[in-house]
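What follows is a short report on a single structure.
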Amino acid sequence: MSVLERYKDHLLSQYNKFPKGKYVTLIFIRKTESETIFRTEGSGEGLTKEFVREGMKNQEVIQRVIISKRKQVAAERRKGRELLREHSLLFFKKDSGKEEDMCALNRNNPCGRCIDCMVYGYAVGKGDEIGAQKSRVITEDAFSLLSISTITGKRLSNALYDNETMRDPVEGKASSSIYEEEYVKPETHFLDIETLKDATLGELKYVLGNVLRTRRYGAISSRAGKVKNTLVGVIFSNCEIFSNLELTQKTYDLVKQKDPQLNFPLKDDDVIAAVQEAMQALMGEIPTGAVILSPEEIQGVYAEIIELFRDAGNAKKLLEDVTAMYKSAQ
């Protein structure tokens, strides 16, 4: 029996429209593997950042870089929808068969029947086509573990013409495309929490697969934004637990205790150990019974998801079984 199947009593056996109070919290470390820019694309602004206290013990106010919850989930949803599209499991709205009515993000035409719609939610309100599904993936902003002054740099860039100069070879005009960009350095650690509410085992595997298969985030993701997601915690409970900011601050205290100079880049093993210790400490303050998977079990879950999605046949069967579950629940 797989690790996740041993804990299936903490999940729903069948999709249900009514809240059942079964939560599974997934804790990830997102580590940049290239220069990365997290901002609202097209806004003309720099990196998204906030002033917060550096830790629970260390109370100095610092600025941290943020990966907004919307930017994280959007990338993961697109990765999941690629797989659904590959196996013809995205549907037409009301079976119209018209290409423009195919389920798609940001076009106000969700099908309301695919796994993406049913897990991440949808809303539509055109004429008699009124319907909604609240997202059962609860997300938060991901905070950088270290301060912005440590993990960011600036780079002056320009845009050359075909003649490799800044002057237009046709019109002879000089280009004004010289700009400075602030970016997050490679090997920067961000902590993130995603919480699934009232999910089935199949839906949990689908969401985990989306996160672990997504490798690019942020603006200009075609040329930068390489990120590795590592699963470091799985907690089953009957309510939401600590916040991502609390986890970041507690982890910061523990990392600084071991390395007072906070030498950048931090060691992966030190960060993972600190996150798992912080997780245990914070759970002692939550008024709920909870099941926390051990580091060995986390490795088992990780291996299980990798093996599942490595086999196209097994992945397709999972997606088809979950999709069929929604039909039987209607």
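Keep in mind that this is a model prediction, so the values were computed, not measured. Computation of the quantities below employed the complete heavy-atom set of this structure, encompassing side-chain atoms and omitting hydrogens, waters and symmetry-equivalent molecules.
Looking at Asn229 and Tyr217, their side chains do bring a donor and an acceptor atom within 3.5 Å of each other. No donor-acceptor contact under 3.5 angstrom links the side chains of His10 and Asn238, judged on distance only. In summary, the side chains of Asn58 and Asp253 do present a donor paired with an acceptor at a separation below 3.5 Å, with no hydrogens or angles considered. Of the N and O atoms on the side chains of Gln133 and Tyr120, not one donor lies less than 3.5 Å from an acceptor on the other residue.
Considering all non-hydrogen atoms of both residues, Asp198 and Gly21 come closest at OD1-N, 3.1 Å. In this structure, Leu145 and Leu266 approach most closely via the heavy-atom pair CD2-CD1, 3.7 Å.
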| request: Please test Phe51 against Ile62 for side chain to side chain contact (heavy atoms under 4.5 Å, CB included), starting from the C-alpha separation and ending with a verdict. | output: CA-CA 6 Å; Phe51 284 101; Ile62 61 172; over 6 Å; no

| Steps toward salt bridge (Lys or Arg N to Asp or Glu O under 4.0 Å) verdict (Glu304, Lys205) | CA-CA 9 Å; Glu304 179 182 342; Lys205 290 179 178 180; 3.5 Å; yes

| request: Evaluate the criterion salt bridge (Lys or Arg N to Asp or Glu O under 4.0 Å) for residue pair Glu203 and Arg136; output intermediate values, then yes/no. | output: CA-CA 10 Å; Glu203 290 172 332; Arg136 288 180 288 134; 2.7 Å; yes

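Although no hydrogens or angles enter the test, the distance criterion places a donor-acceptor pair under 3.5 Å between the side chain of Arg64 and the main chain of Ser144. Of the possible polar contacts, none joining the Thr36 side chain to the Thr32 backbone as a donor-acceptor pair under 3.5 Å is found.
Using a cut-off of 4.0 Å between Lys/Arg side-chain N and Asp/Glu carboxylate O, Glu182 and Arg39 are scored as not salt-bridged. Between Glu33 and Arg215, at least one side-chain N (NZ, or NE/NH1/NH2) sits under 4.0 Å from a carboxylate O, which counts as a salt bridge. Residues Glu82 and Lys79 are paired through a salt bridge, judged by an N-O separation under 4.0 Å between the basic side chain and the carboxylate. A salt bridge is absent between Lys197 and Glu240; no separation between the charged side-chain nitrogens and carboxylate oxygens falls under 4.0 Å.
No more than 12 heavy atoms of other residues, nucleotides or ligands sit less than 6.0 Å from atom OH of Tyr302. Heavy-atom contacts from other residues, nucleotides or ligands closer than 6.0 Å to CD of Glu50 number 12 or fewer. Around the NZ atom of Lys250, the shell of radius 6.0 Å holds no more than 12 heavy atoms that belong to other residues, nucleotides or ligands.
One hydrophobic cluster holds both Leu282 and Val232 under the rule that ILVMFWY side chains link at heavy-atom gaps under 4.5 Å.
For Tyr7 and Phe236, the ring centers are positioned less than 6.0 Å apart. In this structure, the ring of Phe190 has its center no less than 6.0 angstrom from the ring center of Phe28.
Checking Thr188, Val227, Thr230 one by one against Arg30, the side chain to side chain contact (heavy atoms under 4.5 Å, CB included) holds for a single residue, Val227.
Atom CD1 of Ile193 and atom CD1 of Ile241 lie 6.0 Å apart (nearest 0.5 Å).
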